[in-house]
Protein chains: 2
Amino acid sequence: MEKSRNPIAQKLLESFTQFHRLNWRQSPIVGLKSSEIMLLFCIKRTVKSDSVGIKVSDISSALKVASPTVTQLINGLETSGFVERTMDQEDRRAVRVNLTDKGKRTLEKVSDVFYNSFDGLVEYLGEEESSKLAELLSKVFTYFNETRKENF
Amino acid sequence: MEKSRNPIAQKLLESFTQFHRLNWRQSPIVGLKSSEIMLLFCIKRTVKSDSVGIKVSDISSALKVASPTVTQLINGLETSGFVERTMDQEDRRAVRVNLTDKGKRTLEKVSDVFYNSFDGLVEYLGEEESSKLAELLSKVFTYFNETRKENF
DNA sequence: GGATATAATTAGGTTGCCTAATAATTTATA
DNA sequence: TATAAATTATTAGGCAACCTAATTATATCC
């Protein structure tokens, strides 16, 4: 079985395995989990200043996770003072989420570290190779998505 | 902060995020977790026929996980009949792990699906692009590993 | 022979998700 | 207009994939 393995496929599998172990999302800050950081980024990216905030369901679809996942992350972030919930004035079912000042300040620091690390990576790989990588990963995603649909 | 972001780094981050969601290691078989499959592959790859088997510590270092992780995975796999433990004849502290016939047969099936999927990916990307991807991912791993060492 | 190191194991824990169920609210339909 | 259906957020419980601390027995070193 493994003898007839395509060596390129094998090599690709090994690089995926290695990459899997990388934990590139690792939080640069104690007290903030990587999943929480991703959520804070999502709020920051979406919510303008003086805005009513973003709904749980919008975060959920933006991050492509279930809304209970978002709820529970927000519970923790609210407790720690990074976000605040307010009621939606137009829909009594909904909640609006905003960054607090503490949240904004912390996210500023996190962004620094996080994006510097990605800038460094682009520098390390070169711009052309970085774009290439992004493109190839996107193709991988497309491939697996499509073959998994077929199997259902 | 996000305005000054390098667009290539941003693009790379997005492709990493997307890939993160992919779960490429997903098990093709009900009743076997992806971590278990990786462990079975590790045994298969290492243990020759009629061999005394592989030690827990060797699996642990091969997969780069803690030995309690390996122990607990083996507990489950032994219960399900995929592997068996025997005592090491030369070292009373050690245990030797081997695939059972059931384990071998099942792994044969899993390999088929799993490797076919990777073969398909190589075909989809092309051989040159596949090799390129493997190489780039390896560089990413190297980059993050080295910058993380510096931060400690 | 005693100190130190090693091997596997158990227990408990964290993170990052998921689904089922629920209550309240909004929207759609007859 | 009343009812059914859909939507929103939440809580509870669960799983997978790991980790560390502690422990016991064994092997190795000095």
Side-chain angles (χ1 to χ4, degrees), chain A residues 17 19-42 52-80 83-98, chain B residues 17 19-42 52-80 83-98:
Chain A
T17 300
F19 187 69
H20 173 83
R21 283 202 296 265
L22 188 49
N23 193 18
W24 62 268
R25 274 189 3 162
Q26 184 178 72
S27 171
I29 287 218
V30 173
L32 265 187
K33 298 180 265 192
S34 63
S35 53
E36 287 172 337
I37 288 170
M38 292 295 147
L39 193 145
L40 294 175
F41 276 145
C42 178
V52 299
I54 176 174
K55 292 194 289 186
V56 165
S57 44
D58 289 336
I59 297 174
S60 169
S61 36
L63 295 179
K64 300 191 160 53
V65 296
S67 56
T69 303
V70 174
T71 294
Q72 280 160 16
L73 286 173
I74 289 173
N75 286 347
L77 290 169
E78 194 182 27
T79 298
S80 304
V83 303
E84 65 193 352
R85 278 183 174 101
T86 51
M87 52 179 296
D88 187 297
Q89 304 289 358
E90 305 193 330
D91 183 344
R92 306 273 300 271
R93 299 170 301 181
V95 153
R96 294 288 178 164
V97 185
N98 260 303
Chain B
T17 301
F19 188 68
H20 174 82
R21 280 201 296 265
L22 187 50
N23 191 20
W24 63 269
R25 277 191 357 164
Q26 180 176 78
S27 171
I29 286 214
V30 173
L32 266 187
K33 301 180 269 193
S34 63
S35 52
E36 288 173 333
I37 288 171
M38 291 297 148
L39 191 147
L40 293 175
F41 276 145
C42 178
V52 300
I54 175 172
K55 294 193 294 191
V56 167
S57 44
D58 290 336
I59 296 174
S60 169
S61 36
L63 294 180
K64 301 192 157 52
V65 296
S67 57
T69 302
V70 173
T71 294
Q72 278 160 18
L73 285 173
I74 289 174
N75 287 347
L77 289 169
E78 193 182 26
T79 297
S80 304
V83 302
E84 65 193 350
R85 279 184 175 97
T86 51
M87 52 178 299
D88 186 297
Q89 303 290 359
E90 304 193 332
D91 183 344
R92 305 273 300 272
R93 298 172 303 182
V95 153
R96 294 287 179 166
V97 185
N98 259 303

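Please read these numbers as outputs of a predicted model, since none were measured by experiment.
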Problem set entry | Heavy-atom side-chain contact between B/Val52 and B/Thr86 under 4.5 Å | no

Exercise. Sequence neighbours excluded, which residues qualify as side-chain hydrogen bond (donor to acceptor under 3.5 Å, both in side chains) partners of B/Asn23?
Worked result: none

For this session: With heavy atoms under 4.0 Å as the rule, sort A/Ser57 into base, sugar-phosphate or nothing.
Result: sugar-phosphate

Seminar exercise, completed: So the contacted stretch of DNA chain D, first to last nucleotide with an atom under 4.0 Å from a non-hydrogen atom of chain B, runs from D/dA16 to D/dA27

For this session: Return the value, rounded to whole Å, for the distance between atom CZ of A/Arg92 and atom C1' of C/dA23.
Result: 13 Å

For this session: Flag the pair A/Val95 / A/Ile74 as yes when at least one side-chain heavy-atom distance between them is below 4.5 Å, and no otherwise.
Result: no

For this session: Would you please name every residue forming a side-chain contact (heavy atoms from CB on, under 4.5 Å) with A/Ser34, sequence neighbours left out?
Result: A/Arg25

Problem set entry | Any side-chain heavy-atom pair of A/Leu77 and A/Leu32 under 4.5 Å | yes

Exercise. Is A/Leu39 close to A/Val97 at the side-chain level, that is, under 4.5 Å between some pair of heavy atoms?
Worked result: no

Exercise. Hey, does B/Ala94 reach any base, or is it just sugar-phosphate, or nothing, if we go heavy atoms under 4.0 Å?
Worked result: sugar-phosphate

For this session: May I have the distance from B/Arg21 (atom CZ) to C/dC18 (atom P), rounded to whole angstrom?
Result: 11 Å

For this session: Using the six-membered ring wherever Trp is involved, compare the ring planes of B/His20 and A/Trp24 and label them parallel, tilted or perpendicular (cut-offs 30° and 60°).
Result: perpendicular

For this session: Please check if atom CZ in B/Arg21 has more than 12 non-hydrogen atoms from other residues, nucleotides or ligands closer than 6.0 Å.
Result: yes

Problem set entry | Partners passing salt bridge (charged side-chain N to carboxylate O under 4.0 Å, His left out) against B/Arg93 (at least two apart in sequence or in another chain) | B/Asp91

Exercise. Is B/Arg85 near enough to C/dT9 that one of its side-chain N or O atoms lies under 4.0 angstrom from OP1 or OP2?
Worked result: yes

For this session: Let me know the distance between CD of B/Gln26 and C1' of C/dC17, rounded to the nearest Å.
Result: 14 Å

For this session: Check whether any side-chain heavy atom of B/Ile37 lies under 4.5 Å from a side-chain heavy atom of B/Pro28, and answer yes or no.
Result: yes

Exercise. Excluding sequence neighbours, so at least two apart, what forms side-chain contact (heavy atoms from CB on, under 4.5 Å) with B/Glu84?
Worked result: B/Asn98, B/Thr100

Exercise. Quick one: does B/Ser60's side chain have a donor or acceptor within less than 3.5 Å of a partner on B/Val56's backbone?
Worked result: no

Exercise. Near DNA chain C, under 4.0 Å by heavy atom, which residues of residues 68-75 of chain B?
Worked result: B/Pro68, B/Thr71, B/Gln72, B/Asn75

Distances under 3.5 Å between nitrogen or oxygen atoms of protein and nucleotides 27-29 of chain C:
none

Exercise. Going by the salt bridge (Lys or Arg N to Asp or Glu O under 4.0 Å) test, which pairs reach into residues 53-79 of chain B, not counting sequence neighbours?
Worked result: B/Glu78-B/Arg85

For this session: Find which nucleotide of DNA chain D each of A/His20 and A/Arg96 is nearest to by heavy atoms, and output the residue with the more 5' nucleotide.
Result: A/Arg96

Problem set entry | Stretch residues 28-40 of chain B: residues that reach within less than 4.0 Å of DNA chain C through a heavy atom | none

